[in-house]
Amino acid sequence: TQSTRPQRILDAVQKNATRGDPRSVVKAIDHFCRNKEWAMNVGDEKGCILDSVVSEVNPATVLELGTYCGYSTVRIASLLPPHAKLITLEFNPDFAAIARQVIAWAGLEDKVQLVEGASGDWIPKMKEQFGVKTFDLVFLDHWKNSYLPDTKLMEECSLLRKGSVLLADNVICPGAPDYLEFVRSSPRYKSQYFKSHLEYTKVEDGLEKSVFLG
Ligand SMILES: Nc1ncnc2c1ncn2CCCCCNC(=O)c1cc(-c2ccc(F)cc2)cc(O)c1O
Ligand SMILES: [Mg+2]
């Protein structure tokens, strides 16, 4: 049977990365996507910016919207302090099945809760289902036209507190213009753009870091 791209990414991890070594999992996926097949992971260049924001925030609770194969999940979870928790939402069950195995290969199952479903359905249930009060860090990397409605939904569900950090991928390519306009003009956010490139390419892209001011 024909394999899928996520399946080929998992194969590359299982062949080239060391079990329990998150950095080797990240390296194996970047090598595969740079040399064999492009895939929509945040990648190594934007990944370094992601790492620096995670280290700066040092979050106890993280929400990731859009897991895909678990590349950014592994990058984030490998930097979390003990007892910190990352909840990652993935809409596509095939992506979720691969991501679970990538996260397990990295040895990070205990820090990560992968939830299958749409962000719009799950955000309102976060408190009751997972005992979350607020998120210290949210990484937005799912449908680009869901960034803004989901941010408003997180505010309405009181999932953000003064100082919560939103980090959004792809604000230039594919782009999230309505989200950018909102966080840059709203008095309730302090926004900062980190210019970079679309994963594994020379095309401009970047991450937008927005601190919720309460
Ligand atoms: N829990 C949930 N709720 C709602 N939607 C959910 C979800 N979980 C998943 N999804 C559905 C997201 C599907 C993937 C989102 N990411 C993207 O669409 C994406 C595309 C590119 C790209 C750039 C240039 C190109 F030429 C082609 C593609 C790059 C990226 O870094 C991207 O993150
Ligand atoms: Mg992305």
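Just follow the structure's listing: the first ligand is 1, and inside any ligand the first atom is 1.
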Just wondering, is there an N, O or S atom on Asn41 that's nearer than 2.8 Å to the Mg ion (ligand 2)?
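False for Asn41.
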Between [Y] and [X], is there a salt bridge with N-O shorter than 4.0 Å?
X      : Y      : value
Lys195 : Asp205 : no
Glu155 : Arg188 : yes
Asp169 : Lys144 : no
Arg100 : Glu109 : no

Determine, using the 4.5 Å side-chain heavy-atom cutoff (strictly less than), whether Leu63 and Leu114 are members of one ILVMFWY cluster.
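No; tracing contacts between hydrophobic side chains, which count when under 4.5 Å, never links both residues.
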Angle at the Mg ion (ligand 2) between OD2 of Asp169 and OD1 of Asp141, to 10°?
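Vertex at the Mg ion (ligand 2): approximately 90°.
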Hey, which of Leu86, Val42, Thr88 is the one that makes side chain to side chain contact (heavy atoms under 4.5 Å, CB included) with Ile76?
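With Ile76 as partner, side chain to side chain contact (heavy atoms under 4.5 Å, CB included) holds for just one option, Leu86.
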Fit a plane to each ring of Trp122 and Phe130, take the angle between them on a 0 to 90° scale, and name the class: parallel (under 30°), tilted (30 to 60°) or perpendicular (over 60°).
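Taking Phe130 first and then Trp122, their aromatic rings sit tilted (interplane angle of 30° to 60°).
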Measure from every N or O atom of ligand 1 to the protein's N or O atoms and keep only the pairs below 3.5 Å, writing each with atom names and distance to 0.1 Å.
unit_1, atom_1, unit_2, atom_2, d
ligand 1, 1 (N), Gly117, O, 2.9
ligand 1, 1 (N), Ser119, N, 3.4
ligand 1, 3 (N), Ser119, N, 2.9
ligand 1, 3 (N), Ser119, OG, 3.2
ligand 1, 8 (N), Phe91, N, 3.0
ligand 1, 16 (N), Lys144, NZ, 3.4
ligand 1, 31 (O), Asp169, OD2, 3.2
ligand 1, 31 (O), Asn170, OD1, 3.0
ligand 1, 31 (O), Asn170, ND2, 2.7
ligand 1, 31 (O), Glu199, OE2, 2.5
ligand 1, 33 (O), Asp141, OD1, 2.8
ligand 1, 33 (O), Lys144, NZ, 3.0
ligand 1, 33 (O), Asn170, OD1, 2.9

